[in-house]
Amino acid sequence: MAQGWRAFWRGKGLTLRWTGWMILATAALLFAVGLSYVTYARGALDWAGGAFLLLGLFGQFLLLAFLLYLPLLLLTVLLPRWAAVSLTVLSYSGLTLLVLIDTRVFAIYRFHLNSRVWHLLTSGVATDVLPLTSGFYLLLGGYLAAIAAVVGLVSFGLWAWVKRRGSRLGWAVAPVAVLLVLVGHAIHAWADANQVTAITRQVRFIPWAEMTRAGDFFERHGWAA
């Protein structure tokens, strides 16, 4: 029985390592797509705000990719390898398309996709700006196919790399990725406690971000102005 479980996990191990690396690759791809958010903030950026915005964007994209990884992790264990890999590529392609759509929506409304924006788009009020016609959905399908091709090529390269190296580098990269996310939240919490608006006002450019606030904690330790 024990030998059967070990054989099972050995068979899934390559897929699990590959899926973990896909988190980092997807975050990098989302970061490249999401750099357009920086262009809307550049007029009011100083070095601190710019550094935080870049760190916050990459940390948020790491978090989004990881949150999508959680259900994929279960499916990777349950499904055959080909199905798990295909579903991972499709899921991360869909996430990339969602961020791409959000950059377009933000360019028009200066809001990220949410229920209010979705109601605006589907109610017909904004059809002159972003018409939800059959042609629009066809265009989205074309974008999704192009993105899936890019994600597929990246995933193929990662698979070959992980298989060749049997890489254990992920055990070092994963803590660094977690640290990046935590540092971004810690910086925002400190800036919020000290009213450093050059940093806190950048959160609006980070899609679906819920940044940490810890004013009471910083005040108790004398770290707030």
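Only a predicted model underlies this, so the values are computations on that prediction, with no experimental measurement involved.
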> Side chains of Thr96 and Leu100: closer than 4.5 Å at any heavy-atom pair?
Replying inline: no

> Under a 4.5 Å cut-off applied to non-hydrogen side-chain atoms, are Ile206 and Gln202 in contact?
Replying inline: no

Spacing of [atom1] belonging to [X] relative to [atom2] belonging to [Y], to within rounding of 0.5 Å:
X      : Y      : atom1 : atom2 : value
Ser36  : Asp102 : OG    : CG    : 9.0 Å
Arg17  : Trp161 : CZ    : CH2   : 10.0 Å
Asp192 : His188 : CG    : NE2   : 5.5 Å

> Of Thr26, Leu30, Leu113, which is the lone residue that meets side chain to side chain contact (heavy atoms under 4.5 Å, CB included) with Val99?
Replying inline: Leu30

> Taking only residues two or more places apart in sequence or in another chain, which ones pass side chain to side chain contact (heavy atoms under 4.5 Å, CB included) with Pro175?
Replying inline: none

> Taking only residues two or more places apart in sequence, or in another chain, which ones meet Leu90 in a side chain to side chain contact (heavy atoms under 4.5 Å, CB included)?
Replying inline: none

For residues [X] and [Y], report the shortest heavy-atom separation together with the two atoms involved.
X      : Y      : value
Thr197 : Thr200 : CA-OG1, 3.2 Å
His185 : Glu210 : CE1-O, 3.3 Å
Val176 : Ala172 : CG2-O, 3.4 Å

Side chains of residues 140-158: which donor-acceptor partners sit under 3.5 Å, not counting sequence neighbours?
from, atom 1, to, atom 2, distance (Å)
Ser155, OG, Val151, O, 3.2
Ser155, OG, Gly152, O, 2.7

>> When you group the ILVMFWY residues by side-chain heavy-atom contacts below 4.5 Å and let the links chain together, are Leu180 and Val178 in the same group?
In response: no

>> Are Tyr92 and Val173 connected into the same hydrophobic cluster when the rule is that any two of I, L, V, M, F, W, Y join if their side-chain heavy atoms are below 4.5 Å apart?
In response: yes

> Given Leu62 and Phe31, is the side-chain contact (heavy atoms from CB on, under 4.5 Å) satisfied, shown in steps?
Replying inline: CA-CA 9 Å; Leu62 275 171; Phe31 183 72; over 6 Å; no

Counting only N and O atoms by type, is there a donor-acceptor contact under 3.5 Å from the side chain of [X] to the main-chain atoms of [Y]?
X      : Y      : answer
Ser91  : Thr88  : no
Asn194 : Val196 : no
Ser86  : Ala83  : no

Which donor-acceptor pairs under 3.5 Å do side chains of residues 50-61 form with protein atoms, sequence neighbours excluded?
from, atom 1, to, atom 2, distance (Å)
Gln60, NE2, Pro207, O, 2.9
Gln60, NE2, Trp208, O, 2.9

>> Under the rule for ring-ring contact (aromatic ring centres under 6.0 Å, His included), what residues qualify as partners of Tyr37, not counting sequence neighbours?
In response: Phe106, His112

Show which side-chain atoms of residues 63-79 pair as donor or acceptor with protein atoms under 3.5 Å away, not counting sequence neighbours.
from, atom 1, to, atom 2, distance (Å)
Thr76, OG1, Leu72, O, 2.7

